[in-house]
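Keep in mind that the numbers below use all heavy atoms, side chains included, and drop hydrogens, waters and symmetry copies. Here is the naming used below: chain letters follow the sequence lines, and residue numbers restart at 1 for every chain.
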Protein chains: 2
Amino acid sequence: MNIQFKKGVLELCTLALLAKKNRYGYELVNEISKNISISEGTIYPLLRRLKNDGYVTTYLEESNEGAPRKYYQLTEAGKKMGKELKEEWLTFVKKVNGLLKGGVKDE
Amino acid sequence: MNIQFKKGVLELCTLALLAKKNRYGYELVNEISKNISISEGTIYPLLRRLKNDGYVTTYLEESNEGAPRKYYQLTEAGKKMGKELKEEWLTFVKKVNGLLKGGVKDE
DNA sequence: CAAGGTACTGTGTAATGCAAGGTATTAATT
DNA sequence: AATTAATACCTTGCATTACACAGTACCTTG
């Protein structure tokens with residue numbers, strides 16, 4: 001998979017998944033990996049960034065298996081950011097697809 | 001506009017535009033800028049990379065105004081690369097959009 | 001202790017932004 | 001005619017940023 005396409009999109013995906021329900025980091029990696037190949041070392045720094053920027057809060061919860069899970073929860077700012085990013089993404093895709101098709105017509 | 005979304009996509013757009021007809025650098029900047037904001041300093045290094053990788057060849061042609069124009073022309077490898085990148089892009093977009101919608105259903 | 005689930009860190013890569021520089025041609029000015 | 005301005009065009013260098021990859025560390029169960 002083309003690495004470059006992912007830039008900026010992982011943040012969008014993360015916010016979108018968290019908009020559905022709270023999740024812990026390892027779970028996010030697995031969910032996203034179903035569609036887009038990523039590794040843990042990519043998600044955790046991203047989550048820390050989101051927390052530093054005030055888009056998510058975290059809380060710990062015990063797990064039946066393994067270490068306690070750190071759940072991530074969207075703040076109001078995070079929800080807003082998620083919506084905006086999604087809009088930007090959809091607009092961006094339209095523009096790119098426009099370039100892919102057109103380009104000959106005029107001039 | 002979200003800078004990160006552009007990563008990898010500019011190459012795709014460039015190859016797509018060149019697939020329609022040969023163009024010179026400055027023209028490419030203007031064409032792409034109609035949809036996606038970029039600057040010359042971004043496109044020229046990209047074009048050089050494409051040339052080094054054997055995806056395009058170049059030839060000079062005089063211009064009525066200003067310096068002679070360096071036209072960029074796709075090689076066979078470039079055409080192939082363009083098609084592949086486009087496929088990858090379309091697939092990628094589908095997957096991302098899938099994540100944006102779904103995410104709750106299963107599990 | 002072994003194994004696997006979970007969280008985190010550090011270093012490297014690669015694409016883009018931005019700013020600045022450089023060349024060539026035409027038009028305006030002197 | 002010579003200088004200058006303006007425009008079109010090409011190039012380079014440094015900073016930024018997100019992601020990959022590999023490695024560390026903890027916890028729990030068997």
Shortest side-chain distance from A:K7, nucleotide among D:dA18, D:dC9, C:dG17: D:dA18
B:R49 side-chain proximity, nearest of C:dA15, C:dA7, C:dT9: C:dA15
Gap between atoms OH and C1', on B:Y24 and D:dT7 respectively (whole Å): 12 Å
Rounded distance in Å - CD (B:Q4) to C1' (D:dT16): 9 Å
A:Y44 side chain near C:dA7 phosphate (N/O to OP1/OP2, under 4.0 Å): yes
Minimum-distance nucleotide to A:E40 side chain [options: D:dC10, C:dC8, D:dC19]: C:dC8
Whole-Å gap separating C1' (D:dT11) and CZ (B:R69): 18 Å
From B:Y24 atom OH to B:K70 atom NZ, the distance as rounded to the nearest 0.5 Å: 15.0 Å
Test item: side-chain donor near acceptor, A:N2 and B:W89, under 3.5 Å: no
5' priority, DNA chain D, between A:I3 and A:A67 [closest heavy atom]: A:I3
Plane angle bin for B:F5 and A:F92 - parallel if under 30°, tilted between 30 and 60°, otherwise perpendicular: tilted
Sugar-phosphate only, base, or nothing, as touched by A:G25 at under 4.0 Å among non-hydrogen atoms: sugar-phosphate
Test item: side-chain donor near acceptor, A:K51 and A:T58, under 3.5 Å: yes
Between P of C:dT16 and CZ of A:F5, the distance in whole Å: 10 Å
A:L74 side chain near A:T57 side chain, heavy-atom distance below 4.5 Å: no
Touch class at under 4.0 angstrom, heavy-atom based, for B:S37 against every strand present: sugar-phosphate
Nucleotide opposite D:dG30 in a Watson-Crick or G-U pair, distances under 3.5 Å: C:dC1
Sugar-phosphate, base or nothing in reach of B:K6, heavy atoms under 4.0 Å: sugar-phosphate
Sugar-phosphate, base or nothing in reach of B:P68, heavy atoms under 4.0 Å: sugar-phosphate
Below 4.0 Å: OP1/OP2 of D:dT12 and any side-chain N or O of B:R48: yes
Any B:K70 side-chain nitrogen or oxygen under 4.0 Å from OP1 or OP2 of D:dT11: yes
Nucleotide D:dC19, atom C1' - distance to CG of A:L47 in whole Å: 14 Å
Distance in angstrom units between B:Y26 OH and C:dT25 C1', rounded: 14 Å
Atom-pair distance (CG on A:N2; C1' on C:dA15), nearest Å: 11 Å
Charged N-O contact under 4.0 Å between A:E62 and A:R69: no
Of the listed nucleotides D:dC19, D:dC27, C:dG17, the one nearest the side chain of B:L10: C:dG17
Presence of A:S39 side-chain N/O under 4.0 Å of D:dC21 phosphate oxygens OP1/OP2: no
Per B:Y72 side chain, nearest of listed nucleotides C:dG17, D:dT11, D:dC19: D:dT11
